[in-house]
Student: 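Can you keep this structure in mind? I'll have questions shortly.
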Amino acid sequence: MARKEVEEIQVTYRPVAEDTLLSIQDLHVWFELRKFGFSHAGYVRAVDGVSFDLKKGETVAVVGESGCGKSSLMKTILGINIPTKGELFFNGMPLSNLKGEELRHYRSQVGYVQQDPYGALAPFMTIEKIMEEPLIVHGVKDKKERMERIYKAFEEVKMTPVDEFLPKFPHMLSGGQQQRVVIARAMILNPRLLVADEPVSMLDASVRVEILRLMDKLQTDHELSVIYITHDLSTVRYFSEYIFVMYAGEIVEKARVDDLINNPSHPYTLALLAATSDPDAKNVNEMQNVPPGEPPSLVKPPAGCRFHPRCDRMIPGLCDVDRPPEFKIGEGHLLRCWLFKDKSEQI
Amino acid sequence: MTEKTLLQVENLKLYFKASKGVVQAVDGVDFTLPANKAVVVIGESGCGKSSMAKALLRLLPRNVGEYSGKVILNGVDTMAMDDEKYRTNVRWVKMSMVPQAAMNALNPVMRVGDQVAEPMIVHNGVDKAAALEQAKIMFQRVGVPVDFINRYAFELSGGMRQRVAIAMSLVTVPELVILDEPTSALDVLTQANIMNLLKQIKKEIATSFILITHDISTSSELADNVVVMYAGQIVEVSDNHRFFTSPLHPYSEKLMASVPRLRSKIEPDFITGQPPSLIDPPKGCRFAARCKKRFDKCDQEPPTVTVDGHLVKCWLYA
């Protein structure tokens with residue numbers, strides 16, 4: 001039974017454009033908190049009103065700190081979390097209507113690259129079994145066909161000679177190779193969408209670029225749409241077209257990668273960029289400029305703009321009262337910040 | 001040199017016995033650390049950097065095969081001390097450590113204030129009340145609210161836990177603090193905060209740091225000197241200006257080239273191949289198999305040569 005707070009969420013749906021693969025509209029993912037196991041004690045508003053469209057063959061990066069809701073967003077896209085309100089449209093079909101075989105098909109269309117390759121591969125299964133499993137689950141009955149597809153996927157991620165890797169167990173591979181297996185497994189059902197959750201954060205610097213290049217190549221070859229979730233802005237440049245900056249359950253700025261790096265506008269984005277350092281001996285002598293405090297609790301997020309308690313350009317009486325709507329300050333450059341209310345058009 | 005040398009490490013070796021043979025995790029490491037400076041140890045995972053930290057603090061597992069060399073702290077060779085003398089005079093008194101992943105380094109069933117106070121009680125012989133007072137001062141210094149003193153580790157955020165671990169390492173006012181990947185599990189803003197804190201501590205308490213990391217960008221925030229490790233050996237010792245602009249060793253060059261940068265258009269590169277096994281490392285230069293500048297001489301052990309005051313272990317400069 002829906003409670004009052006949930007009933008009060010207002011959502012509006014837009015029509016989905018033809019070339020849009022995934023359209024997320026006013027998505028709210030709230031988790032109920034319970035006291036003593038049964039009495040209601042509020043909600044954790046992990047994702048609170050997120051909307052964006054992902055076109056076919058497009059890559060977006062979702063950037064934010066831990067606890068900002070990016071993993072909840074990802075899990076909702078994967079169909080693991082059920083939206084509290086709002087809707088996801090995949091190829092124009094609302095996700096909440098999918099059942100049984102349709103849902104299974106949807107899951108085969110969305111590949112998932114986990115953050116920690118060591119944890120994502122079952123330690124007691126050989127690489128062959130690990131790769132075969134999604135094919136069995138999705139009804140590829142012919143062993144020969146399964147093996148053919150495994151060989152093809154492994155050649156694509158440059159795990160050759162394939163025969164040498166298949167009988168091995170995950171612990172016999174290096175971190176980079178494990179991540180290649182994870183990527184190959186995500187690709188084996190020919191998905192249209194790939195969700196990559198910090199795919200390189202557990203890897204050594206020397207291998208990171210290699211894995212990012214590989215994903216970039218797969219994206220181009222298969223015209224994949226990719227959602228790349230990360231907290232590291234420095235790797236985003238090499239991979240995606242758009243960056244969405246998330247803070248406390250909301251997307252606060254959306255822009256093309258170059259726009260965001262050359263013309264960051266939301267105070268939180270500025271802080272994130274300032275805190276990302278490039279290797280330079282000068283850094284030793286300078287303190288980095290970091291906003292005070294920590295991200296807010298998502299049980300009782302601050303009224304108005306959620307970043308206002310940490311923002312040095314807060315407008316009293318506005319930022320701490322009203323939630324900023326999305327302002328458009330350039331082509332494809334949207335942000336939620338009252339500082340731009342006169343410099344842009346509201347949508 | 002006019003700088004006072006705080007730590008001098010000579011031919012430090014730490015081998016582990018494993019079922020397949022002897023792992024030469026730290027294989028003949030030499031470097032010096034001047035007082036009130038920070039040296040950053042950079043290398044890929046498995047290059048022996050964490051083992052070196054353990055060797056310096058003598059926090060050894062049971063399967064040690066060989067542990068030898070000299071660790072001279074303020075002119076005293078600590079390797080000559082027996083374990084008890086080392087424990088009472090060096091560990092946490094002169095030299096302390098912030099372990100990797102502070103999340104797991106804190107005791108889950110002890111209040112964090114007690115954990116910060118504990119080294120004072122053990123090493124300085126003060127009573128608990130006085131030690132807790134000291135812990136409060138430490139909490140303020142590292143930016144943890146003083147009333148957190150009665151909390152448990154799970155009640156703190158990742159950044160706060162890291163700060164508590166730093167407070168714990170500083171409470172006995174050691175001359176040298178070894179930081180093992182202090183920021184690798186943290187968010188960007190928290191990382192920047194912790195690096196700011198370390199800079200401030202370095203200025204105010206005149207502590208020296210050994211920072212062990214694989215994150216080159218973040219390490220540049222603290223590094224005065226840079227030590228590059230590869231397969232258990234040091235391949236380059238350089239100062240920060242030299243290293244971050246034009247490193248000498250081919251491995252360092254490759255490492256610097258693999259760093260994704262936010263503010264430049266340089267395409268990052270990656271290093272092909274994998275580091276050698278430390279059980280039976282190749283003779284000659286250990287990086288030779290992955291090196292593009294390899295030539296005949298590389299099959300023999302390269303000498304460590306001095307180039308403009310920087311040390312590099314490579315035949316190209318011999």
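Here is the naming used below: chain letters follow the sequence lines, and residue numbers restart at 1 for every chain. Just so it is clear, the structure is predicted and the values come from calculations on it, not from any experiment.
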Student: Quick one: are B:P260 and A:R208 in side-chain contact, heavy atoms under 4.5 Å?
Tutor: no
Student: Taking all non-hydrogen atoms of both residues into account, name the closest pair between A:R237 and B:L262 and its distance.
Tutor: NH1-O, 2.9 Å
Student: In terms of heavy-atom proximity below 4.5 Å to chain B, should A:L273 be classed as side chain, backbone, both, or neither?
Tutor: both
Student: Quick one: what part of B:Q191 sits under 4.5 Å from any heavy atom of chain A, side chain, backbone, both or neither?
Tutor: neither
Student: Would B:S220 and A:D280 count as a side chain to side chain donor-acceptor pair (under 3.5 Å) here? Give the steps.
Tutor: CA-CA 6 Å; B:S220 72; A:D280 191 336; over 6 Å; no
Student: Does any heavy atom of chain B fall under 4.5 Å from the side chain of A:Q177, the backbone, both, or neither of them?
Tutor: side chain
Student: Roughly how far, to the nearest 0.5 Å, is CD of B:E221 from CD of A:Q288?
Tutor: 3.5 Å
Student: B:K202: what forms a salt bridge (charged side-chain N to carboxylate O under 4.0 Å, His left out) with it, not counting sequence neighbours?
Tutor: B:D224
Student: Pick one of side chain, backbone, both or neither for A:T276, based on which atoms fall under 4.5 Å of a heavy atom in chain B.
Tutor: both
Student: For A:V284 versus B:K199, what's the shortest heavy-atom pair and its separation?
Tutor: O-CD, 3.8 Å
Student: Measuring heavy-atom distances to chain B, does A:E286 have an atom under 4.5 Å in its side chain, in its backbone, in both, or in neither?
Tutor: backbone
Student: When you compare the side chain of B:L189 with that of A:L272, does any pair of heavy atoms fall below 4.5 Å?
Tutor: yes
Student: Quick check: closest heavy atoms across B:L186 and A:H231, and the distance to 0.1 Å?
Tutor: O-NE2, 3.9 Å
Student: For A:K282, I'd like to know if atom NZ has over 12 heavy atoms of other residues, nucleotides or ligands within 6.0 Å.
Tutor: no
Student: Does any backbone or side-chain atom of B:E44 lie under 4.5 Å from a heavy atom of chain A? Answer side chain, backbone, both or neither.
Tutor: both
Student: Hey, are the side chains of A:P279 and B:R261 touching, using non-hydrogen atoms and a 4.5 Å cut-off?
Tutor: yes
Student: Please round to the nearest 0.5 Å and tell me the distance separating atom OG1 of B:T218 and atom CG of A:D278.
Tutor: 10.5 Å
Student: Hey, which of B:A257, B:S264, B:S258, B:P268 has the most heavy atom pairs under 4.5 Å with chain A?
Tutor: B:P268
Student: Identify which of A:L212, A:V207, A:D204 forms the greatest number of heavy-atom pairs closer than 4.5 Å to chain B.
Tutor: A:D204
Student: Show the nearest heavy-atom pair for residues B:A192 and A:V290, with the distance to one decimal.
Tutor: CB-CG2, 3.6 Å
Student: Under 4.5 Å heavy-atom distance to chain B, tell me which part of A:L233 shows up: side chain, backbone, both or neither.
Tutor: both
Student: Not counting sequence neighbours, list each pair that qualifies as a ring-ring contact (aromatic ring centres under 6.0 Å, His included) and has a residue in residues 256-298 of chain A.
Tutor: A:Y247-A:Y268, A:Y268-A:F307
Student: Tell me whether the count of non-hydrogen atoms from other residues, nucleotides or ligands lying under 6.0 Å of CG in A:N263 goes above 12.
Tutor: yes
Student: Would you call B:E267 and A:R213 a side-chain contact if the rule is heavy atoms closer than 4.5 Å?
Tutor: yes
Student: Specify which of B:I271, B:T245, B:V188, B:T190 makes the most heavy-atom pairs with chain A at under 4.5 Å.
Tutor: B:V188
Student: Between atom CZ of B:F270 and atom CG of A:L203, what is the distance when rounded to the nearest 0.5 Å?
Tutor: 13.5 Å
Student: Please name the pair of heavy atoms, one in B:R263 and one in A:A274, separated by the smallest distance, quoted to 0.1 Å.
Tutor: NH2-CA, 4.3 Å
Student: What part of B:L222 gets closer than 4.5 Å to chain A, counting heavy atoms only: side chain, backbone, both or neither?
Tutor: backbone
